[in-house]
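The structure appears right after this line, and notes come after that.
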Amino acid sequence: MDEVTGAQLIAESLKAQKVEYMFGIVGVPVIEVAMAAQAAGIKYVGMRNEQAACYAASAIGYLTGRPGSCLVVSGPGLIHALGGMANANMNCWPVVVIGGSSDRNQETTGAFQEFPQVETCRLYSKFSARPSSLEAIPSVIEKAVRTSMYGRPGACYVDIAGDMVNAKVDRSQVRVVSCCPPAPVSLADHGGITEAISVLKAAKAPLIIIGKGAAYGRAETVLKEFVERSGLPFLPTPMGKGVLPDDHPNCVAAARSRALLQADVVLLLGARLNWILHFGLPPRFNPNVKIIQVDLCPEEMGNNVRPAVALLGDINAIVTQLLTCIRKDGWTYASNTEWWSTLKQKMAANAKTSKALALTETVPMNYYTVFHHISQLLPHDCIIVSEGANTMDIGRTMLNNYLPRHRLDAGTFGTMGVGLGFAIAAAAMEKSEDRGRRVVCVEGDSAFGFSGMEVETMCRYNLPVVIIVVNNNGIYSGVDPETWKEMSQMGDLTSIAPPVSLLPEARYDEVMTAFGGRGFLVRTVEELRSALELSLSDWEKPSLLNVLIDPSSDRKQQEFPWLTRSNL
Ligand code: ADP
Ligand code: MG
């Protein structure tokens, strides 16, 4: 008799569904699952916190279109992973979480780490289930993988009772479930396409908004042709950056506020009208703006703004439909319109103020100086991971992306602590697929702290991630070392230290050197440039640049008062 264990069935089923990566933390009862995964040819990355493991697994889903898996133990292990599941679900990224749980015969007895895991995961996922027997494992795993990718992508959970991990069954009793194909693609209805084209043609101030749904949907090739043929201006959302290059002549990111405020027609491609896009409402949008909304999720249509045209389906397919129409009639939006000249003027003016700030070389440095020099040195094809408040907001405007799915950040849920997990996923993929893209992780000092111990993971697997901590001593901003010292002498810091402050000039670089990576303490432009060049030339080890900046450095003066705090 050819016997197979529960652990093997989980691993082989994941592999059969083309799940290539597993991130997790093992312990009772899932150690055997991780070992079986390796035996089945899945790459296993052991992490230091389940949250980061789940962030990593979800990044694989976004980058490849097929979910990564996350393996956690029962009770607290699973609960720590919930943050990652929620983040993936909010971002519409596929991920499959496998959680060990207490034994079936111990339910409700107060067993070790007993918790209602399947019920708990329902709020954080699209699908949450426990196979009722070993024989059911392959079909439940297939359903989890399929559900994570089909429709609006998201998180799925499979619960494995501890006693099922090492239990055995005759292989011939287990039905083989073949790999589920990629999600079926649907086109928009023909009438909608005709309507959309006529709304676009009638627009005086049209704008395309490219969201991370367009990145996930791999719409870059058709979208490039559509933008170039139509001559329309486009604006990427934070993770829509790179679907078309940031330096594309039709990109109006440098005039973002103006473009949103004055556009009369917006072609919305895979982006929700949520907080990131100011709900599509005044004062940031024209109250009469006509939205042509393209999304694969019918329930999304009409959130906050009733679209003039709703095109339901896959972005890649729908942009192809739109393209076919304009190819046929040769329509383009003229380049000499008032709208284009307004946008161009605004872009030139904005570039000037950023440049002035970027060229100041005072010590301590400001954000703009730091990002200016980083942007000069980063390779064209590098994957930029970014989080933090000012660090992410300012970095987004100054660090260009030239390729799709090359930017990962705090996303729809505004989650801090995602960066290191994302960077590990991207770097692990680069390494095992033998590609040569660099992964650069630009972190605020506070953001870094949430998952800081993952530098050990990077060192352990020799992942040459370059982490740049833009350190302003706090959340939003902290205080300088002298002030901190004075405060400590004045009394109990728990009563007087600003809640936003962190230890001034904390040596995050030494966290990296503790595990054998490269660490740099950076105060000046010269130190920044030489440390970054050195780090980028090392393909073996991770590096951390601890860049001390002026704790009072802030975003440049914004034209609108509501833009001054991290609300993009
Ligand atoms: P952003 O953060 O860039 O604004 P969101 O995450 O808010 O983007 O929105 C992405 C949208 O894209 C979601 O509403 C999702 O349903 C949609 N989406 C994802 N993939 C596709 C696809 N292939 N085709 C159409 N819409 C998609
Ligand atoms: Mg900070």
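Note that ligands are numbered from 1 as they come in the structure, with each ligand's atoms numbered from 1 the same way. All residue numbers refer to positions in the sequence shown, counting from 1.
For the side-chain contact (heavy atoms from CB on, under 4.5 Å) test with Asn401, the passing option among Arg396, Lys241, His380 is Lys241; the others fail.
Checked by atom type and distance alone, the side chain of Gln293 pairs as donor or acceptor with a backbone atom of Glu300 at under 3.5 Å. For Gln17 (side chain) and Cys180 (main-chain N/O), a donor-acceptor pair under 3.5 Å exists by modelled atom type.
Counting the atoms of ligand 1 from 1 in the order shown, those under 4.0 Å from a heavy atom of Gly313 are 24 (N), 25 (C). The contact set between ligand 1 and Arg152, taken as ligand atoms under 4.0 Å from a residue heavy atom, comprises 13 (C), 14 (O), 15 (C), 16 (O). Set against the non-hydrogen atoms of Gly270, the atoms of ligand 1 under 4.0 Å away are 8 (O), 9 (O), 10 (C), 11 (C), 12 (O). Residue Gly217 has at least one heavy-atom neighbour below 4.0 Å for each of these atoms of ligand 1: 23 (N). The contact set between ligand 1 and Gly211, taken as ligand atoms under 4.0 Å from a residue heavy atom, comprises 3 (O). Short contacts between ligand 1 and Thr237, defined as distances under 4.0 Å to a heavy atom of the residue, involve ligand atoms 1 (P), 3 (O), 4 (O).
No donor-acceptor contact under 3.5 angstrom links the side chains of Asn366 and Asp550, judged on distance only. Remark: the Thr412 side chain and the Asn91 side chain contain an N/O donor-acceptor pair separated by less than 3.5 Å. In this structure, a donor-acceptor pair under 3.5 Å is present between the side chains of Thr415 and Asn87.
The protein atom (non-hydrogen) at minimum distance from atom 2 (O) of ligand 1 is Lys212 NZ, 2.7 Å. Looking only at heavy atoms of the protein, atom 24 (N) of ligand 1 is closest to Ile315 N, 2.9 Å. With hydrogens left out, the protein atom closest to atom 19 (C) of ligand 1 is Gly213 CA, 3.6 Å, a heavy atom.
For Asp445, the N, O or S atom closest to the Mg ion (ligand 2) goes by the atom name OD1.
By the criterion of a heavy-atom distance under 4.0 Å, both the backbone and the side chain of Arg272 are placed next to ligand 1.
Among the atoms of Tyr216, none of the N or O lies under 3.5 angstrom from an N or O of ligand 1. Distances between N or O atoms of Met239 and those of ligand 1 include no value under 3.5 Å. Checked against a 3.5 angstrom limit, the closest N/O atoms of Asp314 and ligand 1 fall inside it.
At a threshold of 2.8 Å, the Mg ion (ligand 2) has a backbone or side-chain N, O or S atom of Gly474 nearer than that distance. For Asn472, the nearest N, O or S atom to the Mg ion (ligand 2) falls under 2.8 Å.
Between Glu527 and Arg523, none of the side-chain N atoms (NZ, or NE/NH1/NH2) sits under 4.0 Å from a carboxylate O, so this pair counts as no salt bridge. Salt bridge Glu228/Lys224: present, at least one basic N to carboxylate O contact under 4.0 Å.
Counting only heavy atoms from C-beta outward, the side chains of Met365 and Val370 approach each other to under 4.5 Å. The closest side-chain heavy-atom distance from Leu268 to Ile292 is not below 4.5 Å.
The shortest non-hydrogen separation linking Val547 to Leu528 is CG2-CD1, 4.0 Å.
Closest to atom 22 (C) of ligand 1 by heavy atom, among Asn91, Asn303, Ile210, Leu296, is Leu296. Comparing Leu312, Asp295, Val185, Leu268 against atom 17 (C) of ligand 1, the shortest heavy-atom distance belongs to Asp295.
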